[in-house]
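In what follows, a structure is listed as structure tokens, so that the remarks can point back to it.
Numbers here are sequence positions counted from 1.
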Amino acid sequence: MSVIEKIESFLKDYVSFEDESIALVIAVWSVATHIFESFDAFPYIVITSATKRSGKTRLSELISDISCNTKNFSAMTPSTLFRVIDRQDIGAWDKDKEENKTPTVVFDEAETLSSDSASTMRAVLNVGYRKGQKIPRTVGNRVIEFNTYCPKVFILIGDVYDTLRDRSIVINMKRGEPRKRFAFDVAKNEANVIRKEFLPLIGGKDSQVLISIIEHYHSDHVNFLQDRDEEIWRSILAVGKVLCPARYRELQRIAVDLAAGKTAEKRRYTNLTLFEDQAENDEYAKRLLRDLLTVINGDKNITSDVAIERLKALDLAPWRKYRGDGLTMIKMADMLSRFGVSPGSIRQGSKVGKGYKKKDVEEAVRDL
């Protein structure tokens, strides 16, 4: 297994992706943050979703564990950002230490970048994906040009403004159950083991792996992408070609799909509540379907009133207070209808009434 595939597996353990192929891209990007200064441009990562609790922050934490000298912020001013990026107080002899290297900046709650008040920050970010771009600022009696070029990750619900989107690889997340339960220290230790494997490969100007990556970066054509996407994907494709050559064609295909995905209509912030409500309803509906199968237990059928009674008796289930006044037969029928499960006339013992057949519930659970 290549080091890229190890990172890919590490990401999939703790995050449920809308499209699992995205893990390959993030694995390559995270390694590339350690050598981004070898490239003329480097893409941002935008991690977005239509709902909360979709794994955006968890993914950013995993990226932080792998990437170079990560700095995490939930809010910052433009002046803070370019001072974090361009450490004027670090001498050249100290820059080989990772803690002194140009950081990977992770910006949570990046929805604020769509507001008019964020215009200065947006100006910094619009140029910060390209090498050599600087922002002049007066410090005391001097004008200092601050570097703005570094890897950046943005976490938000919805979409960022168009120019930032153009400079980014956009990762859409959705709610789901990861393969492993996340524990901060455990994940950190796993990431450190992987880092110790790949850092020696790409470290130092004389590294043959790094030299090969730079050669591919300058010689390989990415003309299957449009100009801006070609500019931001060249570095990722060059790293992928050297570190996971067997997956190179797959990486190219993913690049095409993600670039084309940015042509989708933007999700307006005023509509995001609808997505959030839908996601929550889906979660509860799946929970109800599984719990219904539990309370049917050894019976072949169950009437709706008995089902409600048994569901509310489950100690660790939410049905006693669901929607405030608890689960009702009407609510239950509505929630289960999305799985093709509907109440019909059934017999339970000597009682006949509306209810559910166990085989219908079992089939729906298998299809989840």
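Using a 4.5 Å cut-off on side-chain heavy atoms (C-beta onward), F42 and C150 make no contact. Taking 4.5 Å as the limit, some side-chain heavy atom of E8 sits within range of a side-chain heavy atom of R247. By the 4.5 Å heavy-atom criterion applied to side chains, V153 and V105 are not counted as neighbours.
When hydrophobic clusters are built by joining Ile, Leu, Val, Met, Phe, Trp and Tyr residues whose side-chain heavy atoms come closer than 4.5 Å, directly or via intermediates, L311 is grouped together with L368. Grouping the Ile, Leu, Val, Met, Phe, Trp and Tyr side chains by contacts below 4.5 angstrom, directly or via other members, places I26 with F182. Hydrophobic clustering of Ile, Leu, Val, Met, Phe, Trp and Tyr side chains at less than 4.5 Å, counting indirect connections, unites F184 with F10. The hydrophobic clustering, which links ILVMFWY residues whose side-chain heavy atoms are closer than 4.5 Å, places F224 and I232 together. V256 and V25 fall within a single hydrophobic cluster, where Ile, Leu, Val, Met, Phe, Trp and Tyr side chains are chained together by heavy-atom contacts under 4.5 Å.
More than 12 heavy atoms of other residues, nucleotides or ligands lie within 6.0 Å of CD in E362, so this atom counts as buried by the packing criterion. R179 CZ: more than 12 foreign heavy atoms inside a 6.0 Å radius. Heavy atoms of other residues, nucleotides or ligands lying less than 6.0 angstrom from NZ of K300 number 12 at most. When the shell of 6.0 Å around NZ of K312 is examined, it contains more than 12 heavy atoms from other residues, nucleotides or ligands. Environment of CG in D367: crowded, with over 12 heavy atoms of neighbouring residues, nucleotides or ligands closer than 6.0 Å. The environment of NZ in K357 is sparse: at most 12 heavy-atom neighbours from other residues, nucleotides or ligands sit within 6.0 Å.
Nearest approach of N147 to I85, heavy atoms of both residues: O-CG2, 3.5 Å. Of all non-hydrogen atoms in R310 and D299, the two that sit nearest each other are NH1-OD2, 3.1 Å. For the residue pair I47 and M173, the shortest heavy atom distance occurs at CG2-CG, 3.7 Å. When all heavy atoms of T102 and F36 are compared, the pair lying nearest together is CG2-CZ, 3.6 Å. The heavy-atom pair separating V209 from L201 by the smallest distance is CB-O, 3.4 Å. Contact between R320 and L314 at its shortest, heavy atoms only, is NH1-O, 2.7 Å.
Taken from NE2 in H34 to CZ in F198, the straight-line distance is 3.5 Å, to the nearest 0.5 Å. For the atom pair CG (N301) and NZ (K359), the distance works out to 9.0 Å, reported to the nearest 0.5 Å.
S337 places a side-chain N or O within donor-acceptor distance of the main-chain N or O of D334, the cut-off being under 3.5 Å. At least one donor-acceptor pair under 3.5 Å links the side chain of K358 to the backbone N or O of N297. A donor-acceptor pair under 3.5 Å links the side-chain atoms of T104 to the main chain of C68, judged by distance alone. No donor-acceptor pair closer than 3.5 Å links the side chain of S9 to the backbone N or O of E5. Side-chain N or O atoms of W233 include none that pairs as donor or acceptor with a backbone N or O of Q252 at under 3.5 Å. Judged by distance alone, with hydrogens and angles left aside, the side-chain atoms of T328 form a donor-acceptor pair with the main-chain N or O of K331 at under 3.5 Å. With hydrogens and angles ignored, the 3.5 Å screen pairs a side-chain donor or acceptor of R338 with a backbone N or O of M335. A side-chain donor-acceptor contact under 3.5 Å links N189 to the backbone of D185. Not one N or O on the side chain of S16 forms a donor-acceptor pair closer than 3.5 Å with the backbone of P178. Distance alone, capped at 3.5 Å, is enough to place a donor-acceptor pair between the R195 side chain and the S67 backbone.
In this structure, K241 satisfies the cation-pi test against Y248, with its NZ or CZ atom closer than 6.0 Å to the six-membered ring centre and inside 45 degrees of the ring normal. For R234 and F39, the positive end is not near the middle of the six-membered ring at less than 6.0 Å and at most 45° from its axis.
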Do K131 and E37 pass the salt bridge (Lys or Arg N to Asp or Glu O under 4.0 Å) test, and can you show the C-alpha distance, the side-chain angles, and the key distance before you say yes or no? CA-CA 7 Å; K131 193 173 187 176; E37 290 174 318; over 6 Å; no
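Under 3.5 Å, the side chains of S304 and K354 contain no donor-acceptor pair of N or O atoms. For S21 and E250, the side-chain atoms include no donor-acceptor pair closer than 3.5 Å.
Ring orientation note: the planes of Y129 and Y44 are nearly perpendicular, at an angle over 60° on the 30°/60° scale. Using cut-offs of 30° and 60° for the angle between ring planes, the F154 and F107 rings count as tilted. Classification of the Y284-W319 ring pair by plane angle, with boundaries at 30° and 60°, yields perpendicular.
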